[in-house]
Amino acid sequence: MAKIDLSTIRNIGIAAHIDAGKTTTTERILFYTGRKHRLGEVHEGAATMDWMEQERERGITITSAATTCHWGDSLINIIDTPGHVDFTVEVERSMRVLDGAVSVFCAVGGVEPQSETVWRQADKYHVPRVAFINKMDRVGADFASVVGEMRERLGARAIPIQMPIGVEDGFVGMVDLVNFKAIVYSDDLGQDYKHADVPPQLMEEAAAAREAMIEFLADFDDELMALFLDGGEIPVEMIKRVLRKSTISLDIVPVLCGSAFKNKGVQPLLDAVVEYLPSPVDLPPLYGSDPDDPEKSVLVAPDEDAPFAALAFKIMVDPFVGRLAFCRVYSGRITNGSTVYNVTTRKRERVGRILRMHANKREEMESATAGMIVAIPGLKQVRTGDTICSESEPVMLENLVFPEPVIDLSVEPMSKADQIKLAKGLEALSEEDPTFRVSVSEESGQTIIAGMGELHLDIIVDRLKREFNVEVKVGRPQVAYREAVRTPSRAQGKFVRQSGGHGQYGDVVLELEPLEGHTGYEWVDKIIGGTIPKQFIPAAQKGVEEAMNNGILGGYPVIGVRVSIVDGSYHDVDSSDMAFRIAGSMAFKEAMRQASPVLMEPVMSVEVVMPEEYMGDVIGDLSSRRGKVEGMGVRANARVVKSFVPLSEMFGYATDLRSKTSGRASYTMTFDHYEEVSQDIADKLLKR
């Protein structure tokens with residue numbers, strides 16, 4: 001197989017708030033690159049990338065879908081991600097493996113709540129971006145306003161490299177500020193467009209916008225700065241070089257505009273992806289760690305001659321192929337029939353087939369090299385976040401971290417015969433989705449499923465029915481409460497058993513302190529002088545962590561605590577891991593009783609967008625739900641109310657909001673933080 005030029009590969013994601021036009025933009029990209037020959041519309045349920053039945057019925061993206069296309073000499077791997085907050089895990093794991101992203105914004109809605117969430121996720125993984133302001137044909141579209149919001153709300157150095165020609169019904173194209181040419185569309189399919197001179201009526205505005213762009217770029221390149229200050233002509237190639245360099249270094253975000261639905265602006269967007277977003281070789285060097293010595297870093301070179309290393313970022317169960325592991329290959333080459341080493345599980349697995357995915361369709365490949373995103377069926381031991389590599393030169397890549405679920409439901413099969421099918425279905429779905437958890441209640445014996453929101457769990461129940469043929473009875477949604485401590489405390493846990501022969505002896509003294517913000521957990525070893533041998537300290541830690549899973553107030557998990565092991569004693573003969581595990585658990589429970597334990601509830605950030613006449617009703621309703629209004633604003637011709645509301649008060653809110661506003665309001669809800677529950681509510685909860 002011929003060696004692939006890695007500089008021609010672009011691994012990009014399309015990310016945005018729900019309904020900004022991500023999937024429509026991706027559909028147009030597939031059409032113009034020749035990957036498909038008919039335009040698929042989301043509202044008709046015919047979008048290629050929204051292949052799940054649930055996606056087509058609801059008109060939303062639920063699972064990230066991958067595809068590959070060619071534009072010029074470049075190969076573009078695209079992941080279309082969901083915009084709904086309940087499926088934020090799909091964006092998180094996609095950003096982890098992408099080299100660049102296209103952030104889509106609605107020209108009317110601007111920077112919306114989930115726009116901010118996906119932007120922060122891209123920042124977290126240092127993903128260079130270009131922005132595409134979509135829906136320029138809509139009433140109320142305002143290009144300059146959205147650019148301003150990007151700068152103000154996202155802290156982005158947004159730099160327009162285009163400006164629209166006309167808006168709303170009069171939107172016909174855009175001015176390319178880099179080449180200083182107009183791009184004008186003349187047919188409904190967007191295939192016929194021409195490069196022309198800038199219209200005379202826009203000449204002054206476009207010249208000013210181009211000068212502002214160059215002045216902005218001059219801050220990032222000395223040669224360009226010198227030419228700009230001298231008033232000399234700036235070559236187009238120099239502008240493109242500085243744009244590319246500054247985008248890849250995350251200094252700027254080039255901004256383009258268009259209307260994907262009306263087929264305008266997608267080809268220049270593809271040009272921008274190729275010209276300004278990085279290939280695998282343009283990024284800073286990637287380092288993993290030595291599996292046997294985590295402090296030692298190992299270079300993972302984007303070179304097909306280097307040792308093989310890939311990250312499994314998604315598991316999916318395909319009805320025809322079975323279990324698929326989506327992998328980003330970072331270095332080396334993998335071929336059919338080869339053996340890979342799973343560093344996480346320390347097990348070997350054989351690669352039977354390698355597939356390139358096009359949504360839910362598959363294309364067989366003989367091999368995959370650095371820079372590619374592929375799916376490998378049949379890897380039974382691989383989980384999301386696992387590193388697979390060459391056994392002779394192992395490396396551990398950085399794992400993924402996922403948010404905790406905030407809502408629970410109980411599920412049980414309609415008949416005893418469905419019990420095994422339910423268990424298999426839940427296991428398969430929890431493998432696919434790391435934010436979906438399954439447990440069994442010790443008190444009731446019920447199966448509890450936990451997820452990121454009502455829609456998330458609704459989709460899970462629907463998939464159980466359609467894909468696994470299991471009808472289930474669903475219990476009322478339950479909030480994922482937590483327990484925390486208010487004050488420092490110190491307690492001893494001593495476990496002694498003597499029953500002839502070897503006994504059991506473990507003695508642990510712990511100190512508890514609340515962590516700021518009531519988040520996270522820290523374990524600190526303060527043992528001095530060997531009062532507890534080092535080999536027993538991990539057992540004591542395990543006992544503490546087991547006790548933290550069931551707090552002392554209502555059996556909820558404990559958060560926001562620093563646990564220090566400070567003293568204890570041992571017996572030369574009778575001490576064991578089991579004894580110290582039990583002693584650690586006893587000490588933690590006793591210390592928590594003395595530390596003013598408190599019940600915590602998840603609080604959601606809620607943003608409601610509505611016509612002005614409903615503002616009073618909406619604010620009153622949020623206040624009645626124990627909501628705290630944080631701010632009010634204006635977006636296009638609508639009013640925006642931002643508030644923090646406990647999750648327990650938000651069940652059924654969609655229906656109530658619809659009836660209060662005649663269906664004219666919309667809202668988004670994201671988890672924000674845990675907050676102490678008032679005493680009267682805590683008393684009610686703990687008496688249930």
Side-chain angles (χ1 to χ4, degrees), residues 21 25 28 32 71 102-108 110 129-138 140-151 156-188 190-218 224 227-228 233-244 246-247 252-277:
T25 302
R28 297 312 186 261
Y32 295 127
W71 187 248
V102 175
S103 289
V104 181
F105 297 91
C106 172
V108 181
R129 275 144 280 175
V130 297
F132 181 62
I133 297 178
N134 191 25
K135 304 191 178 185
M136 286 301 304
D137 60 305
R138 289 266 303 274
D142 190 334
F143 179 76
S145 171
V146 181
V147 173
E149 281 188 37
M150 287 177 65
R151 291 171 179 167
R157 294 192 192 95
I159 170 169
I161 60 170
Q162 291 180 349
M163 60 174 277
I165 300 176
V167 289
E168 301 179 356
D169 286 347
F171 178 67
V172 294
M174 59 284 301
V175 175
D176 174 355
L177 297 175
V178 177
N179 295 296
F180 208 60
K181 287 285 183 184
I183 302 170
V184 182
Y185 287 81
S186 54
D187 74 324
D188 289 341
Q191 289 175 303
D192 291 337
Y193 63 96
K194 61 180 181 179
H195 293 268
D197 292 335
V198 177
Q201 68 273 22
L202 290 177
M203 182 62 78
E204 190 176 327
E205 187 184 349
R210 187 174 196 265
E211 183 155 344
M213 174 190 75
I214 293 170
E215 185 178 356
F216 202 104
L217 285 173
L224 181 59
L227 267 177
F228 177 71
E233 183 63 34
I234 314 279
V236 168
E237 287 311 310
M238 181 185 286
I239 297 174
K240 288 184 177 180
R241 175 181 60 76
V242 178
L243 266 170
R244 179 176 178 77
S246 307
T247 304
I252 65 162
V253 178
V255 184
L256 299 92
C257 63
S259 168
F261 182 59
K262 292 293 176 69
N263 311 313
K264 294 179 175 69
V266 177
Q267 297 96 329
L269 174 63
L270 281 164
D271 290 337
V273 164
V274 171
E275 286 175 339
Y276 307 128
L277 289 181

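Given the structure is predicted, the values throughout are model-derived calculations rather than measurements. Reckoned from all heavy atoms, side chains included, excluding hydrogens, waters and symmetry mates.
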side-chain hydrogen bond (donor to acceptor under 3.5 Å, both in side chains) filter on Lys194, not counting sequence neighbours, yields none
Leu256 and Phe143 have their tightest heavy-atom pair at O-CE1, 4.0 Å
Atom pair NZ/CZ of Lys135 and Phe261 - distance to nearest 0.5 Å | 9.5 Å
Passing option when Val130 is tested against Leu277, Ile252, Ile161 for side-chain contact (heavy atoms from CB on, under 4.5 Å) | Leu277
Test item: Pro160 and Ile133 side chains (from C-beta on) under 4.5 Å apart, heavy atoms | no
Check: Arg157 side chain, Arg151 main-chain N or O, donor-acceptor pair, under 3.5 Å | no
Under 3.5 Å: donor-acceptor pair, side chain of Arg28, backbone of Asn263 | no
side-chain hydrogen bond (donor to acceptor under 3.5 Å, both in side chains) filter on Ser259, not counting sequence neighbours, yields Asp137
Check whether any side-chain N or O of Tyr185 sits under 3.5 Å from a backbone N or O of Gly265 as a donor-acceptor pair, and report yes or no.
-> yes
Are the side chains of Ile239 and Leu243 in touch, meaning some heavy atoms are under 4.5 Å apart?
-> yes
Are Leu269 and Tyr32 close enough that some pair of their side-chain heavy atoms sits under 4.5 Å apart?
-> no
Main-chain N/O of Val253 paired with Arg129 side-chain donor or acceptor, under 3.5 Å = no
Without swapping roles, check the side chain of Asn134 against the backbone of Val104 for a donor-acceptor pair under 3.5 Å.
-> no
Would you be so kind as to tabulate the donor-acceptor pairs closer than 3.5 Å made by side chains of residues 167-174, with sequence neighbours excluded?
from	atom 1	to	atom 2	distance (Å)
Glu168	OE2	Gly140	N	2.8

